[in-house]
Amino acid sequence: MAVKDYIRERFFPHMWCAGCGHGTVLNGMLQAIEALGLSKNEIVMVSGIGCSSRISGYVDFHTLHTIHGRALAFATGVKMSLPKLNVIVPMGDGDALSIGGNHFIHAARRNLDMTALVMNNRIYGMTGGQFSPLSGLGVIATTAPYSNIDHDFDVVEMATAAGATFVARTTSYHVRQIKEIIKKAILHKGFSVVEILSQCPTYFGRKNKLGSAVDMMAAMKENTTPIGSKAKKENPDLIERGIFVQKDLPVYNEEYDKIIKRAQAAGK
Amino acid sequence: MARPTLKEHVINREWCKGCGICVYFCPRDVLELDGDDKVVAVRPKDCICCMMCEQRCPDLAIEVITERKEDG
Amino acid sequence: MQDNVRFIQGNEACMEGALYAGLNFFAGYPITPSSEIAENLSFRLPRLGGKFIQMEDEIASICAIIGASLTGSKAMTATSGPGFSLMQEGLGYAVMAEIPCVIVNVMRGGPSTGLPTSGGQGDVMQARWGTHGDHSIIAVTASNHQDVFKMTVEAFNLAETYRTPVILLLDETIGHMRERLEIPEPGEIQVVQRLRTSVQGGVDYHPYLPREDGRLPMSDFGGVHRYNVTGLYHDMWGFPTSSPEIVHGLIRHLVDKIENNVGDIVRYKEFYLDDADTILISYGSAARSARHVVKSLRARNIRLGMIELQTLWPFPYDMIREKCKNADHIVVVEMNIGQVVRMVKRAVDAPDRVVLANRIDGRFISDKDIKGILRVIQGKGV
């Protein structure tokens, strides 16, 4: 199979802007799925609302395009009801962590076996460039015309604190790392969170004078470094890439199977 | 030892949006945007088949087709 | 035989009905006065191989049952007023995406946190119009445990038949009251199973193309047909579109599939209507007091009749108009400031003959409250 075998070609070219990092996330994710040799019928992709969430329409899996922020709640029902399915949940930063923040932390805590992707472009693109909880101080957005005074938070630290058993970060520049990390995230038993820094040249880039998509990707290369690198020690402002957490804890859907056995034994 | 060598760059001009990501990050300057802002492989002989253009393309618009030739 | 007899709460009767209907997935969040449904299902479902999950809130609960339904499960959630408000978003999604599921709202006094442990029937209009946009909805109710059981099965059947969310509007009095329930034998009440497509893998399947009879066969997620489900307006494959023809066709379909089948959907009970000059119309726990009044006044040869609504939405306009055409007075008995009474006024030929007997202080409406209104109508003073 090639990457193109996993897409719904009739909807291409896709609706994302020229240079949008989300397309590269789609590309890298499909490479991971292809490398794992997963069958299309065993994958359910659940997304919310926003630019990122349109990804589900372009892939030839069982696709569930839901409500803003609620993708993980829908996905929980899918996975609990039919655990043999591979459930992948791509979300935007506002989608996953603002309106969907509560679902995000509880999905992480519950440790159902599914894969959450946070396509973090630090902006609400679909609605026209408002700041998100990941925009950060000083950013200019259509709802922060005098610069943003809203603190951001770190997706990796947040997911780790909430109990996710696989937490990783990469960027749209590092497409080979997207592929490798998503492969591991899908194979991981438990709740996986992969943050992928993605460029929005149309709103975030233009409002903040960051240049073209190419310039924004070059900045991702410059401003990030592998976890624990020497560069990080010399320059603490660098953002680390790689796998931060990978641990085995009881997986919710497997534990529930044990509950069923226990209940049935007691009921006899 | 078999090593992949370039057969051709297949570019889907309908899907290419001319963002220039493949052009800029190509290590051998193989690609350029033409007058319609669509990517073309202008120096295919320089291609080292690193596949980065294909893998990074946000529009899934480039395929690097390779073939394996026996060395020597 | 006696194994089938229980002395239980209405919430448990609802749970028994749901299990009889084939419930195998429940997601919910604790809230008074519905929590016993979740508690009992956390015990019962795993014994039957089903799944129970307590979610982080009511928003997540309704989303989870929609996801579960798509994999082929019969799914339900249960809540009360504040939680039902949070579920409106997911309810609209289930309407738009045509996902069968059942939402139980054990009503309490509102608005807001209101009266968590007192009865009320203030969510009738919310059930109809709580989620945004034009749509139709099915909402059913019951006044005693045998009917709670039956109408819960009915709610699942309607959800499967019309591929739609169905709301079961119980109330605190019914939910917490204990009375006898005789659980029917399997097969005694018909159970509608999921209608699945007969289209083979590899052949184009249209999840959103109604058959000639209006029904839409489904394909479980994980099966051989890969399609899209969205809350956006969508074509027959489930893919987003803003084509005016398709948008118009879909909203008409969503409304018509219910409004054109009112005759098949509507359930009600009637008592002593033949010669009644005054008719009480009631539903849910309030109907218990209304029924009591009718029985006791009939014993004194007062020509009182009663209609007990079991389907609140779609509203049975035609039935009400027909049954009430010869009545001098129609008294709607409900525990809110007047919700169903508006619908009855709209339905009948002479709306000025319709009055309201209600109670809005958290106390259960009694026979005395209703008799007081009847005395006023009959010119006997307050």
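The chains referred to below are lettered A, B, ... by the order of the sequence lines, with proteins before strands, and numbering in each begins at 1.
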Notebook entry, point to check: Does any N or O in the side chain of A:T66 come within less than 3.5 Å of the main-chain N or O of A:S47, such that one atom is a donor and the other an acceptor?
Noted result: yes

Check: Do the side chain of C:S69 and the main chain of C:I65 share a donor and acceptor less than 3.5 angstrom apart?
Finding: no

Margin query: Between A:R262 and chain C, with a heavy-atom cut-off of 4.5 Å, which part of the residue counts as in contact: side chain, backbone, both or neither?
Written below: neither

Next item on the list: Please confirm whether the backbone N or O of A:L85 pairs with a side-chain atom of A:K79, one donor and one acceptor, at under 3.5 Å?
Entry: yes

Item checked: Ion pair check, C:E56 and A:R110, cut-off under 4.0 Å -> yes

Item checked: Residue selection (most heavy-atom pairs with chain A, distance under 4.5 Å) from C:G231, C:G223, C:G49 -> C:G223

Margin query: Shorter than 4.5 Å, heavy atoms on both sides: which option in A:E42, A:R8, A:H65 has the most such pairs with chain C?
Written below: A:H65

Check: Cut-off 3.5 Å, side chains only: do A:H22 and A:S52 have a donor facing an acceptor?
Finding: no

Check: Based on non-hydrogen pairs under 4.5 Å, which of A:I67, A:I105, A:V46 is most in contact with chain C?
Finding: A:I67

Checklist line | Note: A:K189-A:E254 ion pair, threshold 4.0 Å (strictly below) | finding: yes

Check: Between A:A107 and chain C, which part of the residue has a heavy atom less than 4.5 Å away: side chain, backbone, both or neither?
Finding: neither

Next item on the list: Have a look at C:M96 and tell me which of C:L250, C:L91, C:L232 forms a side-chain contact (heavy atoms from CB on, under 4.5 Å) with it.
Entry: C:L250

Next item on the list: Step by step, work out the side-chain hydrogen bond (donor to acceptor under 3.5 Å, both in side chains) result for C:S42 and C:Q54.
Entry: CA-CA 9 Å; C:S42 72; C:Q54 181 168 313; over 6 Å; no

Check: Out of C:G222, C:G92, C:P240, which one racks up the most heavy-atom pairs below 4.5 Å with chain A?
Finding: C:G222

Item checked: Candidates A:H68, A:M91, A:R70 - the one meeting side-chain contact (heavy atoms from CB on, under 4.5 Å) with A:I49 -> A:H68

Note to self: Does any backbone or side-chain atom of A:L64 lie under 4.5 Å from a heavy atom of chain C? Answer side chain, backbone, both or neither.
What the structure shows: both

Notebook entry, point to check: For chain A, which of C:M55, C:R47, C:E89 has the most heavy-atom pairs under 4.5 Å?
Noted result: C:R47

Checklist line | Residue, of C:G201, C:G67, C:S61, that accumulates the most heavy atom pairs under 4.5 Å with chain A | finding: C:G67

Next item on the list: Spell out, as yes or no, whether a donor-acceptor pair under 3.5 Å connects the side chain of A:S53 to the backbone of A:G48.
Entry: yes

Margin query: Sub-4.5 Å heavy-atom contacts with chain A: which residues of residues 16-27 of chain C show up?
Written below: C:F25

Next item on the list: Flag the one option from A:N102, A:T63, A:N86 with the top tally of heavy-atom pairs under 4.5 Å to chain C.
Entry: A:T63

Margin query: Quick check on C:L48 against chain A: is it the side chain, the backbone, both or neither that has a heavy atom closer than 4.5 Å?
Written below: backbone

Next item on the list: Would you kindly check if the NZ (Lys) or CZ (Arg) of A:R10 is within the cone defined by 45 degrees around the ring axis of C:F239 and under 6.0 Å from the six-membered ring centre?
Entry: yes

